[in-house]
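Shown next, in structure tokens, is the structure this report addresses.
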Amino acid sequence: MAHSELTTDLKQELKRQIEIFKRGTVDLLPEDELRAKLAGFLKGERGPLRVKQGFDPTSPDIHLGHTVGIRKLKQFQDLGHQVVLIVGDYTAMVGDPSGQSATRPVLSYDQIMKNSETYQEQFFKILDKDKTEVLFNGDWFKKMEFLDIMHLASKYTVARLLERDDFTKRMKAMTPISVHELFYPLMQAYDSVAMKSDIELGATEQTFNLLAGRTVQEAYGDEPQCVLTMPILVGTDGVKKMSKSLGNYIGVDEAPREMFGKAMSIPDEQIASYFELATEVTAERVEEIRKQLSQADVNPMLLKKELGEVIVDQYHPEGSGKAAREEFERVFSKKQLPDDMPEATAEDLKNLEIDPNAIYLVHLIAKNKMSKSNSEARKLIQAGSVSIDGDKVTDPNYEFPLDKEMILKVGKRRFLRLKV
RNA sequence: GGUGGGGUUCCCGAGUGGUCAAAGGGAACAGACUGUAAAUCUGUCGGCGACGCCUUCGAAGGUUCAAAUCCUUCCCCCACCA
């Protein structure tokens with residue numbers, strides 16, 4: 001291959017792109033290889049970079065944790081590179097052991113396919129659909145024969161598989177590791193072979209799997225991919241990685257009100273990190289926010305409200321963020337009523353086997369799903385968290401007729417408008 | 001295959017015949033406070049129209065006035081040995 005020199009213009013472009021690639025990431029390895037690939041593209045000696053990221057559709061929704069990588073992919077896309085999403089329909093059935101302290105439950109294929117549909121819809125809230133290649137890794141794994149699998153397995157050693165942290169920890173903790181889990185990194189690595197990856201993105205905990213891709217690509221005679229790792233977004237609990245199963249996530253498909261509320265529930269220390277990883281605000285603005293947060297006279301709440309607004313606006317029509325904020329302030333700060341709430345008419349109550357002339361409050365709450373059980377409803381009443389038209393009710397045996405429109409409030413967030 | 005250890009309520013984890021709906025921690029929910037669904041403190045935390053009753057401690061049987069605790073069989077996990 002002839003190695004023509006880059007012109008000054010191209011050198012600048014190379015530098016610019018590498019800078020964008022690296023912004024907000026943890027590691028780019030090996031950087032010189034990526035430079036070489038990118039230089040090849042800029043000189044027209046090869047096509048755009050094939051940028052890979054895989055997602056296992058293990059739950060129906062993607063959340064802000066996923067978007068950290070997707071946002072980075074978008075940047076690649078905007079620079080003219082080819083983004084390739086790998087939907088891990090097969091890998092989902094194995095379950096990624098990364099960061100797991102136990103074997104994941106195995107999902108049914110049907111469930112996985114359903115999930116992958118909603119995944120795709122949600123991806124394209126950020127990525128440009130027309131410029132994105134979507135591949136299912138079942139397409140190649142389905143065709144493999146046992147010997148092919150053995151061939152793949154021979155490219156990697158047990159020692160290397162076991163040396164990864166997750167397995168080491170599980171061995172020490174004496175929690176089981178199934179043989180199929182050892183295959184996970186090999187499968188992910190083989191994806192890179194199958195779709196000819198130039199660079200693969202993943203969270204830092206993915207480093208092992210990403211690097212396995214390099215080894216396996218080389219074993220198959222291909223140029224190894226580069227690896228770009230992203231920081232892990234902490235969940236709304238402020239401690240653990242954001243994940244659906246931990247319930248500490250903000251889903252991209254959630255209603256503005258929920259999104260905003262969840263954003264407000266993150267610990268103050270996570271504000272800057274959320275701005276950096278989960279929003280499009282500039283690096284300069286993130287720096288500014290960091291500074292403001294370190295000042296004693298700045299109320300973190302205001303920045304958090306800004307965060308909530310920005311996040312909501314990213315996934316909903318213009319102005320939704322502002323509306324969600326106003327709603328939040330009305331309901332929580334001023335303790336007023338939300339602008340809309342679920343309703344129940346006398347007819348609805350009858351359908352729930354509640355007599356509108358003698359409503360037993362405990363049943364009203366439980367049957368309208370405002371509590372998990374009658375017992376819980378009873379306890380909430382006794383705890384003083386239930387009110388009707390603003391008047392606290394503490395008698396667990398309270399009964400009343402539906403003679404006018406009234407508003408039931410349970411806790412801070414659950415409302416029900418009762419209509420005659 | 002052998003030997004030893006283990007499976008407890010959403011999670012982690014105490015409990016070895018009655019005083020156990022089961023310590024403690026976490027999560028969750030609520031209350032107070034607050035400029036926040038942050039933080040902090042407090043309470044609740046199987047179900048039931050409820051000072052009582054019903055269902056839970058891997059599964060199924062059994063012993064006993066009484067079992068998470070004892071016995072039998074089975075299922076699953078871990079370690080070491082092979």
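A note on names: the letters A, B, ... follow the listed sequences, proteins ahead of strands, and every chain is numbered from 1.
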| said: Is the phosphate of B:rA50 approached by A:Ser375 (side-chain N or O, under 4.0 Å from OP1 or OP2)? | reply: no
| request: Any chance you could encode RNA chain B as dot-bracket? Rule is Watson-Crick or G-U wobble with both distances under 3.5 Å; [ ] for pairs crossing earlier ones, | for another strand. | output: (((((((..(((.....[.....))).(((((.......))))).(((...)))...(((((..]....)))))))))))).
| message | For a quick test of reading the model: is some side-chain N or O of A:Asn374 closer than 4.0 Å to OP1 or OP2 of B:rG47? | response | no
| Nearest-0.5 Å distance that lies between atom CE in A:Met187 and atom OG in A:Ser192 | 13.0 Å
| said: What's the gap between B:rG17 and B:rU64 when it is taken at their C1' atoms, as a whole Å value? | reply: 9 Å
| message | Test side chain to side chain donor-acceptor pair (under 3.5 Å) on A:Tyr184 and A:Asn209; report intermediate values, then the result. | response | CA-CA 8 Å; A:Tyr184 190 93; A:Asn209 293 351; 5.4 Å; no
Only distances under 3.5 Å count here; give the side-chain donor-acceptor pairs of residues 71-88 of chain A to other protein atoms, sequence neighbours excluded, each with its distance to 0.1 Å.
unit_1	atom_1	unit_2	atom_2	d
A:Arg71	NH1	A:Glu280	OE2	3.1
A:Arg71	NH2	A:Tyr315	OH	2.7
A:Lys72	NZ	A:Ile20	O	2.8
A:Lys72	NZ	A:Phe21	O	3.0
A:Lys72	NZ	A:Arg23	O	2.8
A:Lys72	NZ	A:Gln75	OE1	2.8
A:Lys74	NZ	A:Asp78	OD1	2.9
A:Lys74	NZ	A:Asp78	OD2	3.4
A:Gln77	OE1	A:Asp128	N	2.9
A:Gln77	NE2	A:Asp128	O	3.4
A:Gln77	NE2	A:Lys131	O	3.4
A:Gln77	NE2	A:Thr132	OG1	2.8
A:His81	ND1	A:Leu49	N	3.1
A:His81	NE2	A:Gln17	OE1	2.8
A:Gln82	NE2	A:Lys131	O	3.2

| P atom, B:rU19 versus B:rG13: distance in rounded Å? | 26 Å
| Rounded distance in Å between the C1' positions of B:rC10 and B:rG1 | 38 Å
| task | Can you tell me, in whole Å, how much space there is between the P of B:rU72 and that of B:rA82? | result | 29 Å
| B:rU44 and B:rC77, which share atom name P, separated by this distance in whole Å | 40 Å
| Are any of A:Lys379's side-chain N or O atoms less than 4.0 Å away from OP1 or OP2 of B:rG31? | no
| note | Of the listed B:rA50, B:rA37, B:rC29, the closest approach to the A:Leu380 side chain comes from B:rC29
| Which ring pair (Phe, Tyr, Trp, His ring centres under 6.0 Å) pairs, counting each pair once, include a residue from residues 252-272 of chain A, with sequence neighbours left out? | A:Phe260-A:Phe328
| What is the distance, rounded to the nearest whole Å, between atom CZ of A:Arg413 and atom P of B:rA28? | 11 Å
Side-chain donor-acceptor distances from residues 296-308 of chain A under 3.5 Å, at least two apart:
unit_1	atom_1	unit_2	atom_2	d
A:Asn299	OD1	A:Met301	N	3.0
A:Lys304	NZ	A:Met264	O	2.9
A:Lys304	NZ	A:Ile266	O	2.6
A:Lys304	NZ	A:Asp268	OD1	3.1
A:Lys305	NZ	A:Glu329	OE2	3.0
A:Glu306	OE1	A:Arg285	NH2	2.8
A:Glu306	OE2	A:Arg285	NE	3.3
A:Glu306	OE2	A:Arg285	NH2	3.0

| task | Return the residues of residues 341-366 of chain A meeting this criterion: a heavy atom under 4.0 Å from some atom of RNA chain B. Order them by number, or give none. | result | A:Tyr360, A:His363
| request: Apply side-chain contact (heavy atoms from CB on, under 4.5 Å) to A:Thr394 and list each qualifying residue two or more places apart in sequence or on a separate chain. | output: A:Lys392
| task | Answer yes or no: does a side-chain N or O of A:Arg257 lie under 4.0 Å from OP1 or OP2 of B:rA37? | result | no
| field | Inter-nucleotide C1' distance (B:rU9, B:rA68), Å rounded | value | 11 Å
| request: Keeping to residues at least two apart or across chains, list the ring pair (Phe, Tyr, Trp, His ring centres under 6.0 Å) pairs with something in residues 211-257 of chain A. | output: A:His151-A:Tyr220, A:Tyr190-A:Tyr220
Enumerate donor-acceptor pairs with a distance under 3.5 Å from any side-chain N or O in residues 397-409 of chain A to protein atoms, sequence neighbours excluded.
unit_1	atom_1	unit_2	atom_2	d
A:Lys404	NZ	A:Asp389	OD2	3.2
A:Glu405	OE2	A:Arg417	NH1	3.1

| said: Nearest whole Å is fine: how far is B:rA30 C1' from A:Lys409 NZ? | reply: 12 Å
| Rounded distance (nearest 0.5 Å) linking atom CZ of A:Arg330 with atom CZ of A:Arg325 | 13.5 Å
| said: Nearest to the A:Arg378 side chain among B:rA38, B:rA32, B:rG49, which nucleotide is it? | reply: B:rG49
| Got a sec? Which of residues 394-402 of chain A come in under 4.0 Å of RNA chain B, heavy atoms? | A:Glu399
| A:Glu376 CD - B:rA50 C1' separation (whole Å) | 16 Å
| message | In whole Å, I'd like the distance from the CZ atom of A:Phe260 to the P atom of B:rA38. | response | 13 Å
Nucleotide N/O of nucleotides 34-36 of chain B paired with protein N/O under 3.5 Å:
unit_1	atom_1	unit_2	atom_2	d
B:rG35	N9	A:Asn299	ND2	3.2
B:rG35	N2	A:Asn299	ND2	3.2
B:rG35	N3	A:Asn299	ND2	2.2
B:rU36	O2	A:Lys304	NZ	2.5
B:rU36	N3	A:Asp268	OD1	3.1
B:rU36	N3	A:Asp268	OD2	3.4
B:rU36	O4	A:Asp268	OD2	2.6

| What distance do A:Gln314 atom CD and A:Ser320 atom OG have between them, rounded to the nearest 0.5 Å? | 12.0 Å
| query | When you compare B:rU69 with B:rA21, how far apart are their C1' atoms, in angstrom units rounded to a whole number? | reply | 15 Å
| said: If you count every heavy atom of other residues, nucleotides or ligands that lies below 6.0 Å from A:Glu353 atom CD, does the total exceed 12? | reply: no
| query | Listed by chain and number, what are the ring-ring contact (aromatic ring centres under 6.0 Å, His included) partners of A:Phe183, not counting sequence neighbours? | reply | none
| Interatomic distance, A:Asp237 CG vs B:rA39 C1' [rounded to whole Å] | 15 Å
| Between atom CD1 in A:Ile311 and atom P in B:rA37, what is the gap in whole Å? | 17 Å
| query | For A:Gln382 and B:rG43, what is the distance between atoms CD and C1' respectively, to the nearest whole Å? | reply | 12 Å
| message | Rounded to whole Å, please give me the gap between NZ in A:Lys334 and C1' in B:rA37. | response | 17 Å
| query | Looking only at atom C1', what distance separates B:rU8 and B:rG52, rounded to whole Å? | reply | 26 Å
| said: Just to verify, what does A:Val286 make a side-chain contact (heavy atoms from CB on, under 4.5 Å) with, not counting sequence neighbours? | reply: A:Phe275, A:Glu276, A:Val281, A:Arg290
| query | If you measure from NZ on A:Lys379 to OG on A:Ser371, what distance do you get to the nearest 0.5 Å? | reply | 10.5 Å
